[in-house]
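Each chain gets a letter, A, B and so on, in the order the sequences are listed, and its residues count up from 1.
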Amino acid sequence: MKFGLMINEGPYTHQASDSAYQFALAALAKGHEIERVFFYHDGVNNATKLTEPPQDDRHIVNRWSKLGADHGIDLVVCVAAALRRGIREENLAKGFRISGLGQLVESGMQADRLLVFGD
Amino acid sequence: MKFGLMINEGPYTHQASDSAYQFALAALAKGHEIERVFFYHDGVNNATKLTEPPQDDRHIVNRWSKLGADHGIDLVVCVAAALRRGIREENLAKGFRISGLGQLVESGMQADRLLVFGD
Amino acid sequence: MTDFEDYGDIPAKRFMFVNRKAPYGTVYALEGLEVVLISAAFDQDVCIAFMDDGVFQLVKGQETQTVGMKNFSPTFRALEGYDIEKLYVERESLALRGLSEADLLVPVQVMDSAELGALMAEQDVVISF
Amino acid sequence: MTDFEDYGDIPAKRFMFVNRKAPYGTVYALEGLEVVLISAAFDQDVCIAFMDDGVFQLVKGQETQTVGMKNFSPTFRALEGYDIEKLYVERESLALRGLSEADLLVPVQVMDSAELGALMAEQDVVISF
Amino acid sequence: MLHIVNKSPYERNTLESCLRLARKGSKVLLIEDAVTAAVRGGDFAAKLGAAMELMEIYALVPDLAARGLKDRVLPGVRLVDYGGFVDLAAENKPVQSWL
Amino acid sequence: MLHIVNKSPYERNTLESCLRLARKGSKVLLIEDAVTAAVRGGDFAAKLGAAMELMEIYALVPDLAARGLKDRVLPGVRLVDYGGFVDLAAENKPVQSWL
């Protein structure tokens, strides 16, 4: 089955990005496909390459970059939400791309299920 | 009277930064002093110079930079919170400085009132 | 509006956007509305539900000069021009907050929790803001 | 720990940190605890109040491996070493959530809302997380 | 003591917790989404009315105006602008923001 | 239909709103801070018990474990891991996250 995910909160502050990641791992392990993860609202803050968490903590940004690369997942950051929050090409982490809100609606149309993770 | 302010949420997403700004303006107009604004939790996202809101909207980051310069307000971003969220010297807006949590406790000690704005 | 790809071969899906938050205290209402507007370009079957504090988004007479924020409530009046005409409001949420249909800035369909719950269950995609 | 300036001439203030949020769902509990730890270096009169969902921060037996997050609850046991010994828990908050003092991982002083409210009113600085 | 609440009592337990702990003679200021608590005819208005017997309840006019609620305020709630907010913070101690 | 709730019912109105709208036969999954709703002896447990007559209530074990609540769950609440979460999402339509 094809899942689309939407993440609406930034890393560390809310568990949303963690829950979505664990869901994605479990879905992939069961042979499902994650076709796209769409980052909206403060969720765009998952895409900054400047993040540097304490050494004994998980690296939420790099984790998404790696998962995206390993499984061909489209990691899309909403451009309007990103500009409001200081995420641009110059601080964008590997594997993410900036695009429009249409990509979210498209995910709703094309995925079998669109799951939202937020506050 | 000397006020210290603490801002715990990022710009646009929550009204916290707006309320703190309006409070600061009103306090200064009444002859009070704002000795420091301490940015914690997602509040550190108020300090990125990469923010670019829609043209017809307020520019929350630049507004703080200007207020700080005009009134000699110390704008302090918590280093630990900032590293978790991708705020570093290289994307830090004018007038902000990155420092430790001790600056918050110090503000509580030295200001007549410490006011917190958050979620 | 951007040129989107041709989705002619995919049957339209039923999208419901659920608004549960008051405006201005957080950005969810405003950025939620931006999603609704974009969705209009995709020829899907779109409806919007307002419940809980989301009903405050539709209250008449919003004046945002003194908070220094943009008043986005007029955009709700423009939704009709985007062919988004299904606006549902939960009766219980209005009543609890001392509001009535006459206080709202656009025509809506007021329904009770059971009706709204039934409609929600019939959707393909539900996104809550 | 960083060398702080000498504040010897300023009389110590009474600081209360109020914890009202559950752990892990949001970062406030963890980052709040970081503030508490730093405050210990300033020789102020510090206390911590746990109320509402903040009481969940102190529940024994937290195991975070499967959510992939760091279990920071052992740090509460280290507070004594920082001379932070005034931990207050609101009785009503515990009871409402089906918890009792025996479920908590550190010794605390349980008090009712009125007592906690009275203590709060005596502080110089109150910061809520 | 000044208590500041910024969340709607219909969405969160913040204002209820504040009123449970606030002592007689305290001041409570409603800002941001918490101004919804002050709406006449709303379910929370009765609780706020009861609280007013013991303490002074204030609401921030700019936040009421933004939400179209300026003319719908429960009698007895005192209205302040940002200047009044500053005065309340200056005149009362401590100040607690219920987050 | 699958309803997902992630907020504590002691802090927010989310779970109550979900239960008000959810139809008979729906599934409700508690994740993140919402697992606190499932604690035996808690004030919300009675409401959850009543809801269980009409729908299936699930709770995510990793989130219960993180909060030290794994062994305190109200009988009748069905326990799932992330794999079970995926199955619920795959088997039910639509899926609504109550944010």
Side-chain angles (χ1 to χ4, degrees), chain B residues 3 5-30 34 37 39-48 50-71 73 75 85 93 115-119, chain C residues 1-4 17-41 48 50-79 81-82 84 93 97 99 105 127-129:
Chain B
F3 284 104
L5 305 184
M6 178 185 191
I7 299 181
N8 290 339
E9 298 297 333
Y12 306 103
T13 308
H14 294 85
Q15 204 185 336
S17 187
D18 288 284
S19 297
Y21 180 78
Q22 300 295 344
F23 180 92
L25 283 187
L28 293 166
K30 282 181 175 275
I34 306 290
V37 184
F39 297 88
Y40 197 46
H41 301 308
D42 272 2
V44 301
N45 292 325
N46 283 283
T48 166
L50 299 178
T51 298
E52 193 181 322
Q55 296 236 331
D56 57 349
D57 203 353
R58 69 232 188 259
H59 197 308
I60 294 181
V61 177
N62 290 355
R63 222 164 55 170
W64 279 119
S65 290
K66 184 172 184 326
L67 197 75
D70 290 351
H71 298 272
I73 303 170
L75 304 175
R85 293 166 179 89
L115 257 78
V116 188
F117 294 86
D119 179 27
Chain C
M1 189 133 298
T2 336
D3 275 40
F4 294 109
F17 299 106
V18 183
N19 287 280
R20 295 186 56 249
K21 308 229 168 101
Y24 308 113
T26 54
V27 82
Y28 303 106
L30 168 62
E31 290 190 331
L33 191 52
E34 290 177 358
V35 176
V36 171
L37 292 174
I38 293 288
S39 73
I48 320 180
F50 296 86
M51 60 178 293
D52 293 328
D53 282 350
V55 301
F56 284 117
Q57 295 179 27
L58 296 180
V59 170
K60 280 178 191 164
Q62 300 177 28
E63 292 167 16
T64 59
Q65 301 89 330
T66 48
V67 290
M69 300 167 81
K70 203 186 139 183
N71 177 3
F72 62 92
S73 67
T75 309
F76 289 112
R77 288 211 195 87
L79 287 177
Y82 286 81
I84 295 171
S93 295
R97 287 159 183 80
L99 300 173
L105 51 77
I127 301 182
S128 156
F129 294 105

Taking all non-hydrogen atoms of both residues into account, name the closest pair between Ala22(C) and Ala29(C) and its distance.
->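 Shortest heavy-atom separation between Ala22(C) and Ala29(C) comes out as O-CB, 4.4 Å.
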Between Leu5(B) and Ala20(B), which heavy-atom pair has the shortest distance, and what is it?
->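 Nearest heavy atoms, Leu5(B) then Ala20(B): CD1-O, 3.9 Å.
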Which word best sums up how the rings of Phe50(C) and Phe76(C) line up, parallel for under 30°, tilted for 30 to 60°, or perpendicular for over 60°?
->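 Rings of Phe50(C) and Phe76(C): perpendicular, over 60°.
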Taking atom types as modelled, which donor-acceptor pairs link chain B and chain C at under 3.5 angstrom?
unit_1: Thr13(B); atom_1: O; unit_2: Val27(C); atom_2: N; d: 2.8
unit_1: Gln15(B); atom_1: N; unit_2: Gly25(C); atom_2: O; d: 2.9
unit_1: Asp56(B); atom_1: OD2; unit_2: Lys70(C); atom_2: NZ; d: 2.7

For Ala93(B), side chain to side chain contact (heavy atoms under 4.5 Å, CB included) partners two or more places apart =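 Testing Ala93(B) for side chain to side chain contact (heavy atoms under 4.5 Å, CB included), a comparison that skips the adjacent residues, returns Lys49(B), Val61(B), Ser65(B), Phe96(B).
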Between atom CZ of Phe39(B) and atom CZ of Arg85(B), what is the distance when rounded to the nearest 0.5 Å?
-> 13.5 Å
Gap between atom CG of Asp70(B) and atom CG of Leu28(B) - 0.5 Å precision =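 It is 9.5 Å, given to the nearest 0.5 Å.
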